[in-house]
Amino acid sequence: MLKYIYVLNNRVVIEDMMLKVTSIKLIVCMLLLQCLSACSTTPEKKEEYVFYPPLPSPPRIQYLTSLSGPADLINDESAFSRFVLGDDKQDDAGVKKPYGVSIKDGIIYLVDIRGSGYAMFDLKQNKFDMVHGSFSGKMNKPINIFVDDDGSRFVTDTIRNVVIVFDKNDEFVKVIGDGKSFKPADILIVDERLFISDIKNHIIQVYDKDTDKKLYTIGKVGSSEGELFFPANMTLSPDNHLYISETGNFRIQEFTLDGEFIRSMGKVGTGVGQFARPKGISIDRDGNIYVVDAAFQNIQIISKEGEMLMFFGEPGGRKDNINLPADVLVDYDHVSYFQKYAKPGFKLEYILLVTSQFGASKLNVFGYGQMDGVDYSSSKPDEVIQ
Amino acid sequence: MKIINVTAALKAASVVVSGSLLLFSSVQAGTIVGTAHDFSGSGWTGGEICVACHTPHNSDTSTSQAPLWNHATTVQNFTMYDSTVSGSMDATADGTNPSGISVLCLSCHDGVTALDSFGGTTGTSTMAVIEGAGNKAIGGDTSSLTNDHPISILYDTALSGTDPGLHDPSATNVTIGGGTKTRSGTIASIMLSDGRVQCSSCHDVHNGFVDDADTMTTPFLKVTRDGSALCLTCHNK
């Protein structure tokens, strides 16, 4: 337990020089200082990179950058843009309290509970936009978003208690639900089926995407295996199974898309692999499961066999920190936009988007990868870090 | 989960809010007999049940929201649960110490003020003395309320507008109590005191409208904790 906290609060920084003997370190520092003061009056700020897991384990996950509002899309060299749009990254135009995140075709969709809408960070055009909807399409408490293959946006709203659908141009199309029979937290589309996690009846509602007809439900309220209580978030595994995080039952459950219970993982507690407030969930191509815990304020990674692998992220005042995190998303298709933030030599394989409901950084982008020249064979990726 | 009829509540809100607060701050015909608040068996009450808190004559009129008040009021300086404790808290505490009806509760539950300090006499039976180690005094020796749900905070429609994680207290209907003793109304009318969250928002000191469906030891709770129902009365999760 103590070890766990120790690691959690440790900042992980990889420096070019690793010195373990304090006295030598001091001498080197003094020499460096002397050199700096002698050579230049404005010494260059040393670049710091944040990696997980902590040393001496080989680096796996790097914090890359944060997106909170339009200012974060500005190219750093563009002094003019900075002048026009201001230097304050906390501006009102930004996202206030995000929950769900989605990414498709170069656009990150970030649902803003408090700004009552969804923000779009267009990575191709460096453009920011915010959609609130109006009249029948007005979002009152949007939580999660799913962007379908044709660009349609499906947004859950837990005040209106409907799913609001917009087309690819952000025009309102329709609502799904009558506003009282379910309370939709998360939404997922698989082929022609809509999976809606319902935190009123504590089941998964399955609807036909085109006819809006209810097809069947998954689970029932309760805490036994196969039962659900506050099914906050869902994701799809590579083998097309539904994984559900339950804030009320402090665990993850796996079902087939037809609703057959497969297994349950985790229980309430503060130990490794246990949960206090599990929320966002995502799965990589190898089947590793990423679960946000809003109480621990980190993301735990569990192997597809159900073993705890490692965790990353911690609360605090730095840009890389995650505060009251809500959602996590694994993405392989947009790595190229973020490779430039990686430490030279650290080759990204996929990115991890993590939303924070509080703090300066609303959306943190992490990257999973490997560092050139580092031997990863001695510690397999599935090594338990604790 | 409570059924929320928003349109009906909106119509009724103004009437209910203005009328009910008065009613709520007055003494209710309760069933305090046999509860943890029944001190008639203690020697120091002389067998009287109301006297620890109330007196018909020469009551303390300087303490607000204290009808016919007879008990010494707490003089502790508390550390409030406010935005310095939780940076994500949008509500603001009413001053640097608890206000309103919560002061009355803390006049025994601070663990320092004696239960038998009433009617102008100073007693010795504090909660710490009576219950010993592990007593349930709020704040304990440090007078810190930072590990308790915030109290004396204004909870109004504007706050629920800022934080959609809270129901609109003026437009959300709730029911408290259980069995034959239930009461319904808006959050503002049923749970709040002068629009503020106080101890009385969750606890009914006189055991008038307590949800006995709670399978755990019920500390005078208005709504059961089963399925987090008490929390979800105000928190829109």
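Excluded from the calculations below are hydrogen atoms, water molecules and symmetry mates; all remaining heavy atoms, backbone and side chain alike, are included. Sequence lines set the chain letters: A, B, ... in the order given, protein chains first and strands last, and positions in each chain run from 1.
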For this session: Could you tell me whether Arg114(A) and Asp90(B) have a side-chain N and a carboxylate O separated by less than 4.0 Å?
Result: yes
Exercise. Side chains of Asn236(B) and Lys183(A): does their closest heavy-atom pair fall under 4.5 Å?
Worked result: yes
Problem set entry | Contact check, side chains of Lys237(B) and Thr158(A), non-hydrogen atoms, under 4.5 Å | no
For this session: Go through the atoms of Lys180(A) and report whether side chain, backbone, both or neither lie under 4.5 Å from a heavy atom of chain B.
Result: neither
Exercise. Top residue by heavy-atom pair count (under 4.5 Å) with chain B, among Gln357(A), Lys141(A), Lys97(A)?
Worked result: Lys141(A)
For this session: Indicate yes or no: at least one non-hydrogen side-chain atom of Ser88(B) is less than 4.5 angstrom from one of Leu324(A).
Result: yes
Seminar exercise, completed: Whatever's closer than 4.5 Å to a heavy atom in chain B on Ile143(A) counts as neither
